[in-house]
Amino acid sequence: MPLLSNLLAKDIPQTFQKFQLHVYAGFFFFGLLGFVYLMSPIVSRRNYLSENALSPGLVSNDIYISNEHIRDIIGQLRTGFKEKNISDVIQSMFVQRGIEAYKQNLEDDTNDENVYGIVRAPRLASTESIILVAPLYVRIQSKSQPIKANLYGIAHTLAIGFALHRKPYMAKDIILLFPAQQENGTRIWLDAYFNTKPDSIPLDAHAGSIQAGLTLEFPHEKFYSIDLRHNGINGQLPNLDLINTVVHLCDKNSIPASYYDIYVDLSSNELFIDYMKKSLRTLLINALTLATGVPSGVHGQFLHYRIEMITLFGSLTKRDQYQTSPITLRAFDDIIEGFIRSLNNLLERFHQSFFFYFHINRRNFVSIATYMVPLGLIVAPALIRSLVLYMSFFTSSETSATTYITLGRTMKFDMNYSAMFLEILECLALSYVLMWIPMKFTYLIICQITMFISPILLRPFRSTERQFDYLQFILLLTGSALLGCLSLLNYSMAFLAACFLMPCYMFAGCSKFDHWIIKYFCRFLFLTCLNPLVFLALYHYLARLLMAGEFLLPNFNQLTSDFDTYIASYRLFNAWTVDVVCLAIVPIWFLLYRSTFWIRTLVDKTQ
Amino acid sequence: MFDKVELAYVGIGLLVRVFLFFQTRIRSYFEDNGEFVTPLNSWKRVIEGIYLHKLNVSPFVGSIVHETPLSLFFYSKLHAITQGHIESLFIIADILTGLLTYKIARRILTQLSEEDLREKEAYKPDSKSLWLTKDNVQKSALAVLLCTMINPLSIGTCIAKSSLVFHNLLLTMTFYFFITYQLIPFVVLLAVTSSISLYPVVLIVPALLQFSKTRTTSFSIVRALLVVILFVLAAAGILYLNFFLNHQSWSFLESTYSFIFHVPDYTPNVGIFWYFFTEMFDHFRSLFVWTFQMHVLLLYLFPFAIRLRKDPTFLFWLLCAIFCTFKSYPAYGDATFYFNYLPIWSFLFRYIRHTLIIICMILIAILMAPITWYLWIYTGSANANFYFAMTMVFNVAQTFLISDLLYAYVKRKFLLRNGVTIPEIDGAEGQLEFR
């Protein structure tokens, strides 16, 4: 079974040698097109409930919560928010109804407190539990008021908790958590609950092992649709079954559910072209936001602990021109009740359905088997090129017309490894500086400029074409290995990295052509289009365009401020996006840039 | 003693290891990593054993300690001498292994090139480009030294404080005495190493070939018998010593040899046993345990011994590679033991057929194994099959490597004697066919 046993340069067809660049470019563009094509109804799959145990909640409802009750709770909460003793108010409400409730101090100078209550299952020991989270304050997209009290969300969470208290069918505990300071409070609560930090003070009470949950963010008193948010830390996603349960419940109660505020009407009323446009927008925003590694709500922290969770956000956008009245209380409570009762029936952890998927709308998704293909197409040129280079390194027995000699394969040339590794070390050292400097845009630009002029300051290793090929070979292998590893951890990030790195490889390889214009053109491209900062700016602009859904002008101030917020939040979430970029992607790019200065043209000719 | 280049290499190896030992996060990652640490060689278990021993509790009662009483005694002495700061000893042992490997490499290469010189008359002159030269010897030996010093897998094993570092040192010493024809130390060390990890017992076969060579005959029965008797005596002595050190009780047999042979622990590692036995019905277990163990111990032993009867050194290395790949609880440390010798065989690389495939497979397995582990254990989005796929890739790559090297070795030998020119048959390149 000699796999690829006789790989020699002469085995490569001449026509392929001629059209190499075309083939690579073809693969790249087909990959990009393939990714866009994922939105088509042909490749996407319609979602379904894989776990039968989740169905009961979809059938009938039992709880009735009156409007007056909710209004009463909201009234109490409002005074609590006004008098800044919201945690006491919530706790006393629990205690009045005989439900245990506890507070957790965040141990910082703000004196904020997390509150949580546990509704114990009446019939069983506390072995498993479901969690409902309603952050005290919620971020909203408005300039004047960045955060708003989550009145409606807290009120409903409380009402549901009270209603389910002592219900005989509850087999799991319900934890009702009201974290202060959004993600920060949630993280502190989780650290204390699971005792992961040695210095955290253990909580007063625990419930059974937490299976799954829901975050409710409803800052407005009325809402017209529900926005589902599922992005976790580092591109982690909750199990698809959980999302499908919520989507089914929404559909059953005729509540429009959307992703990223994009609602696709799946009835036949909608034009096909609109359907395609919206699906594409959802898909692209999915990829762009997941790549950042920052979660879209407090549920991300729970996913980190293997608690499947999504956030429901009450949106003010009307999804239909005929939709005049807001969503009724009854319909909304049905969703939460149905969700809890479905989970109540669940015997195992979520494991049946997908963990790797892309939503294109609420009813259709693309699974890992499909979406890996475009990435494969984009990375394929790297693999093919490395194979071609590898084949060109070797020579076999010289076969003349009369004698056949079998000497095996030997390298055509002697490699001087030390110079090459020195170069690699130099580049790594220079890019690792990125890890230590404060992540500010100005510093990054300075760092970039240093990198760009480094071939003039630190003279790069001058080499022959062969050694250049060898370095390219190593870089191609490392690059494809990196992208392969990333594709399992965070596909979206791998995809964006591939979109950036593959052209870099191509133009670095092009600098081998023996013409000064081509060389300068390649370097110029590295300075302009293939520059990581330019790519970042493009990324940001594209993300803004897609989020807004209308034409916007590029805005540099917006970019810098968004970048600062991103860096601040990314540290909080233990994401590793920036680390991967600084430690792996930038060094590869930098090596490629420096390799455009490698070839010693004149000496080569005299040889 | 050392020249500049050697010193530089050793310095690099030393620096990297010392530096990494001060990085607590990296260290704890390696210490908890199933690819580097198995129940057989985890240092945490050794510490537990020493502690139990101090309390006068037999360490072999539970299923925590799987070291022999002798090695436990040795480790407890080391632990007492260094007052718990055992790290330096790991570094020293690792560097010593590296230096010894370097010596072995030089020795093997010199022996091979001398053999080429001796047999010059028997070789066809057109195979001259295959002959080993002095230049070759120096270069490959230095490559071996560099490999032992910067091989990430051996560095990882050292950082993980896996007792494989000491096992490998013992095995390397055995190899050293093997190629320097020192029968008594060799036999004693072989008895010790096989008492620790059982599998090296197969190395008695190359030893028989090596030590039974006399000036007149290539195989003297009397000498072979002598080797066997000596080995049995030494092994019995070691066994008795273990028995004596364990307060005259045989309880250690259960948690060492039976533990290695019957594979009761399914903690995932880079081998193939754990997955296979978790998937199996219990009533087939003994059959497959025996099949798997015979596959490691006996299946390749006799065919290879017969084919390579004139090259006991290569046979020794090959058998090491085989049991390091297929043993019941392998770790990366086992693979490094024979990976580090690879540059010795650089003169065979021209006949290796799957170089790129093997390199890529090993690279993928090593990079992806922690990722699939993370996806399986931490995020829960993948499952055991993902991780097993990577260990499978690692094992298949090793199999390719071993079979390719064997093929290349045999082919080179053939070509040396028969010439590299392929006869022309009917006006075309002649081809061999197996029928």
Side-chain angles (χ1 to χ4, degrees), chain A residues 1-7 232-240 303-308 349-351 353-357 368 383 386-387 389-391 393-397 399 401-411 414 417-418 421 473 477-478 480-482 484-489, chain B residues 5 8 126-130 139 143 146 150 346-361 363-364 366-372 374-375 377-383 386 390 400 403-404 407-408 411-412 414-415 418-425 427-432:
Chain A
M1 188 188 48
L3 285 169
L4 310 174
S5 59
N6 277 314
L7 291 174
I233 300 172
N234 293 328
Q236 212 184 331
L237 290 169
N239 193 293
L240 194 56
L303 287 179
H304 192 63
Y305 285 90
R306 276 180 89 170
I307 300 166
E308 309 297 328
R349 279 190 168 277
F350 280 98
H351 66 102
S353 198
F354 294 84
F355 283 97
F356 300 104
Y357 53 84
I368 183 166
L383 296 171
S386 57
L387 194 63
L389 286 175
Y390 176 79
M391 286 158 90
F393 295 153
F394 290 97
T395 170
S396 181
S397 30
T399 309
T402 47
T403 53
Y404 301 98
I405 299 172
T406 164
L407 282 174
R409 282 184 314 150
T410 39
M411 287 260 293
D414 270 338
Y417 292 98
S418 51
F421 281 103
F473 171 68
L477 275 192
T478 20
S480 23
L482 170 79
C485 292
L486 263 185
S487 69
L488 267 185
L489 289 167
Chain B
V5 186
D126 67 348
S127 66
K128 197 159 186 187
S129 52
L130 299 183
K139 240 183 171 174
L146 184 64
I150 62 165
S346 58
F347 60 93
L348 301 177
F349 286 173
R350 56 174 68 214
Y351 291 120
I352 286 198
R353 293 172 297 179
H354 320 252
T355 329
L356 187 65
I357 300 272
I358 294 169
I359 291 174
C360 287
M361 278 170 91
L363 192 75
I364 287 169
I366 290 172
L367 286 178
M368 290 293 244
I371 290 174
T372 45
Y374 169 80
L375 289 178
I377 300 297
Y378 291 95
T379 68
S381 41
N383 53 36
F386 284 58
M390 290 307 126
F400 275 5
S403 57
D404 250 5
Y407 161 85
K411 182 166 181 179
R412 175 175 173 270
F414 177 83
L415 293 175
N418 297 291
V420 290
T421 317
I422 303 168
E424 198 178 327
I425 297 163
E429 193 176 351
Q431 283 188 337
L432 273 180

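All chains are named by letter (A, B, ...) in the order of the sequence lines, taking the proteins before the strands, and each is independently numbered beginning at 1. These figures come from a predicted structure and were not determined experimentally.
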Participant: Check ring-ring contact (aromatic ring centres under 6.0 Å, His included) between F350(A) and all other residues, then give those that pass, not counting sequence neighbours.
Facilitator: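 If we apply the ring-ring contact (aromatic ring centres under 6.0 Å, His included) test to F350(A), skipping adjacent residues, there are no hits.
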Participant: Nearest heavy-atom pair of L387(A) and L356(B): which atoms, and what distance?
Facilitator: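 Nearest heavy atoms, L387(A) then L356(B): CD1-CD2, 3.3 Å.
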Participant: Name the member of A382(B), S403(B), G380(B), A408(B) that forms the most heavy-atom pairs with chain A at distances under 4.5 Å.
Facilitator: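 Of A382(B), S403(B), G380(B), A408(B), G380(B) has the most heavy-atom pairs under 4.5 Å with chain A.
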Participant: With a 4.5 angstrom heavy-atom cut-off, is it the side chain or the backbone of L375(B) that approaches chain A, or both, or neither?
Facilitator: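 Only the side chain of L375(B) comes within 4.5 Å of chain A.
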Participant: Under a 4.5 Å cut-off applied to non-hydrogen side-chain atoms, are T355(B) and F394(A) in contact?
Facilitator: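 No, every pair of side-chain atoms sits at 4.5 Å or beyond.
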Participant: At a heavy-atom distance under 4.5 Å, which candidate from Y374(B), Y407(B), F386(B), Y378(B) has the highest pair count against chain A?
Facilitator: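 Ranked by contacts with chain A, first place is Y378(B).
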Participant: Pick one of side chain, backbone, both or neither for F473(A), based on which atoms fall under 4.5 Å of a heavy atom in chain B.
Facilitator: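 For F473(A), the contact with chain B is made by the side chain alone.
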Participant: Check step by step if side chain to side chain contact (heavy atoms under 4.5 Å, CB included) holds for I359(B) and Y390(A).
Facilitator: CA-CA 12 Å; I359(B) 291 174; Y390(A) 176 79; over 6 Å; no
Participant: Using every non-hydrogen atom in the two residues, find where M368(B) and C485(A) come nearest and quote the distance to one decimal.
Facilitator: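 Smallest heavy-atom distance, with atoms named: SD-SG, 3.7 Å.
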Participant: Kindly write out the residues that satisfy ring-ring contact (aromatic ring centres under 6.0 Å, His included) with F421(A), not counting sequence neighbours, or none if the list is empty.
Facilitator: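 Expected list: none.
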Participant: Heavy-atom distances under 4.5 Å only: say whether L146(B) touches chain A with side chain, backbone, both or neither.
Facilitator: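 Looking at L146(B), nothing touches chain A.
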Participant: Using every non-hydrogen atom in the two residues, find where T379(B) and R306(A) come nearest and quote the distance to one decimal.
Facilitator: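 Result for this residue pair: O-CG, 3.7 Å.
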Participant: Which region of F354(A), side chain (C-beta onward) or backbone (N, CA, C, O), has a non-hydrogen atom less than 4.5 Å from a non-hydrogen atom of chain B, or is it both or neither?
Facilitator: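 Nothing of F354(A), per the 4.5 Å heavy-atom cut-off to chain B.
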